[in-house]
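Sequence lines set the chain letters: A, B, ... in the order given, protein chains first and strands last, and positions in each chain run from 1.
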Number of protein chains: 2
Amino acid sequence: MTSIYPPLTRLEEHRKQFPALANKAYFNFGGQGPLPQASWEAMQEGYEYIQQYGPFSGTVNDWIKSEVRQTRVAIASELGAAVKTITLTENVTVGCNIALWGMDWQAGDHILLTDCEHHGVIAAVEEIARRFQVEVSTCPILATLNQGDPTAVIAEHLQPRTRLVVLSHLLWNTGQVLPLKEIVEVCHNYTASNQPVRVLVDAAQSVGSLPLNLTELEVDFYAFTGHKWWCGAAGLGGLYIRSEVFESTSPTFIGWRSIITGEKGQPEGWQPSGKRFEVATSAYPLSVALRSAIAIHQQWGSSQVRYEQICKLSEYLWQGLSQLDMVSCLASSPPKSGLVSFVLTNGQSHEQLVHSLEKRGFLLRTLLNPNCIRACVHYFTTTSEIDQLIEAIVS
Amino acid sequence: MTSIYPPLTRLEEHRKQFPALANKAYFNFGGQGPLPQASWEAMQEGYEYIQQYGPFSGTVNDWIKSEVRQTRVAIASELGAAVKTITLTENVTVGCNIALWGMDWQAGDHILLTDCEHHGVIAAVEEIARRFQVEVSTCPILATLNQGDPTAVIAEHLQPRTRLVVLSHLLWNTGQVLPLKEIVEVCHNYTASNQPVRVLVDAAQSVGSLPLNLTELEVDFYAFTGHKWWCGAAGLGGLYIRSEVFESTSPTFIGWRSIITGEKGQPEGWQPSGKRFEVATSAYPLSVALRSAIAIHQQWGSSQVRYEQICKLSEYLWQGLSQLDMVSCLASSPPKSGLVSFVLTNGQSHEQLVHSLEKRGFLLRTLLNPNCIRACVHYFTTTSEIDQLIEAIVS
């Protein structure tokens, strides 16, 4: 590319596929991505197919099996993982819960959390602690945004009884990308524990924004959603479980999708793949929408190309924000992700600004820890949208 | 009513609301109900609203909250339950899992299952047994279809350490309706146990087909789905938890929907309602579809009126089948539900007949325990469809 930005006409054409972008400047991809029109139409066709040939029939059941399988293949391919490692879930948090409740906890075991985890995941960890008399502690990763070494922080906080480290690959509050491969190595090579230290990743912000090869990362559990950076429909996500820990992870919420049955329909064993952790009937057409959305991103470019574009645009946004007197960005250098968080230094309420921006067609969100406003850019955000946002913030 | 069947024109008009009924004779409501056109359109409007004003924005979040609340109210109202007792789940099996994993199991506790439970639920119970060293036994309810007293069978199988009885209100295999109020009384009044015996009901077949007042039934846990007899979209169900056992039921899979948060966003406690057992992002427009479907049924008549019509039609079907030489109905008298199960006595394979019927536009299903074919009628099934089915079976 001669220009750092793609040709405007190609970008404009690409953006037309996302109806939500037509009437607003959207900066909340970390909340939810806009659903492409083709994905929505494919989903509608799915719903209509089910009514046409079913709703419950041999034909429809075969269709569902085939669609879900193809989506699992598409997800696995984007994540650099084997198909059998992928469990489909309702959302990222269910994926985290599957991993958390699937371990054989003993009283006195220890879980290490970072101080940047989502409150839903923290609450699940706290309930695990209560039920199984497991210890939980939190390590200070937030402070490594601008200086320090997150891997060293994690390493310092491992304990002889640590069995699980829970962290986000891409922090939802500050946009910091953690060096996951390094962290996983430190955890897997921790010798003071007589049991392996596993790593559970909340990948809510990383899937669909970072280029990923989970096999190479050697992470144990990687829970994600399809409805944020992948722009699928809300209600479908997944969990990657590394082959090496698959058999020692027990299913908790269980249903007909988890098992294989005998000739009288009785449970006879677990599914040998990620299906083992799936339960029962879902909104299957969501999987058609997600696969279609992934394909649309792939048509634009590889995950590496998209990520580089995200970084260029977030640098542009970060620079624009940094020039404002009333704004201070949390990160002292451009984030290596699409999440740019900032605070207002003029005493104005964050809630009030976000509310006022929404009225004017700019969608962002506030966060409470740290108290800030978060603006997200995707690879198809335009510099003109960013310019207008900067102007809207000051006006 | 002077005729036992509703005026044909009213029925024809009502049936036009269900596109799936237009091109086939549908007899698998126990698998999935046909989605009404208005529910599908309401759901489409929901998806379009989200893209128009979001996808993630203050406006959309308020809309989701309001829609989900209204659906919870509609569900509670149909079930004769307080709104706060209702948890929304992805499906009936998730509801069963919430109850199963929410109890404070001690080694040696006992769970009593009937021999007519769904394999997904059996598998979940077996995993509970393995994890917490809980005993499981099964009581012979199948044999009470035509003679005997299911309440007495349950009573005989309670043990001093029994803490939970798991049963279906309406058996998915034979269509038998269990006397739930009586069974609950026997369990709650069982004095040989020093802990109360709770009752978890798999209500997959009863919600949307039986008139229900859960408050009066005094059942502890009642797990259901919206996509079978209520004809909602697949992927949304719920769980009723009786107020008296609410606080002693612990949430297992946990997320931001389960908790209340403090000023820094940290978890500070559980939601005081059924939300406590909900996890995170769902396909919210499904709740618009379900509420719309429930309203369409209510427009036809009360749940009592609908149930009586179901029974009349299933009697008509049962009689028609009973007259065939090649068929033997499992029930020796007309079932008090919309499920009519039968076997072929001419040696023909059940699978083969169901497959051949599907090709000819008649949708039924096979079951493995007992090995049979199941035909379901809803209140809007026509006698003409039943006549045609009888003819198709013999031809």
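Ranked by heavy-atom pairs under 4.5 Å with chain B, the list A:L367, A:L100, A:N28 is led by A:N28. Ranked by heavy-atom pairs shorter than 4.5 Å toward chain B, the options A:P55, A:P267, A:A20 are led by A:P55.
B:I260 is listed as a side-chain neighbour of B:Q271, based on a closest heavy-atom distance under 4.5 Å. Residues A:H118 and A:W172 form a side-chain contact, since some pair of their non-hydrogen atoms from C-beta on lies under 4.5 Å apart.
In this pair, A:Y53 and A:Y49 present their aromatic rings tilted. The plane angle is within the 30 to 60° band.
Residue contact with chain B, scored on non-hydrogen atoms closer than 4.5 Å, is absent for A:V121. Contact of B:T261 with chain A is made through the side chain alone, with heavy-atom distances under 4.5 Å. B:E90 touches chain A through backbone and side chain together, each having a heavy atom under 4.5 Å away.
At a heavy-atom cut-off of under 4.5 Å, chain A is reached by B:H227 from residues 223-231 of chain B, listed in order of number.
Between atom NE2 of residue A:H350 and atom CD1 of residue A:I373 there is a gap of 5.0 Å, rounded to the nearest 0.5 Å.
Checking B:T174 against B:R374 by side-chain atom types alone, no donor-acceptor pair falls below 3.5 Å.
Looking only at distances, a side-chain donor or acceptor of B:K24 sits under 3.5 Å from a matching main-chain atom of A:Q52.
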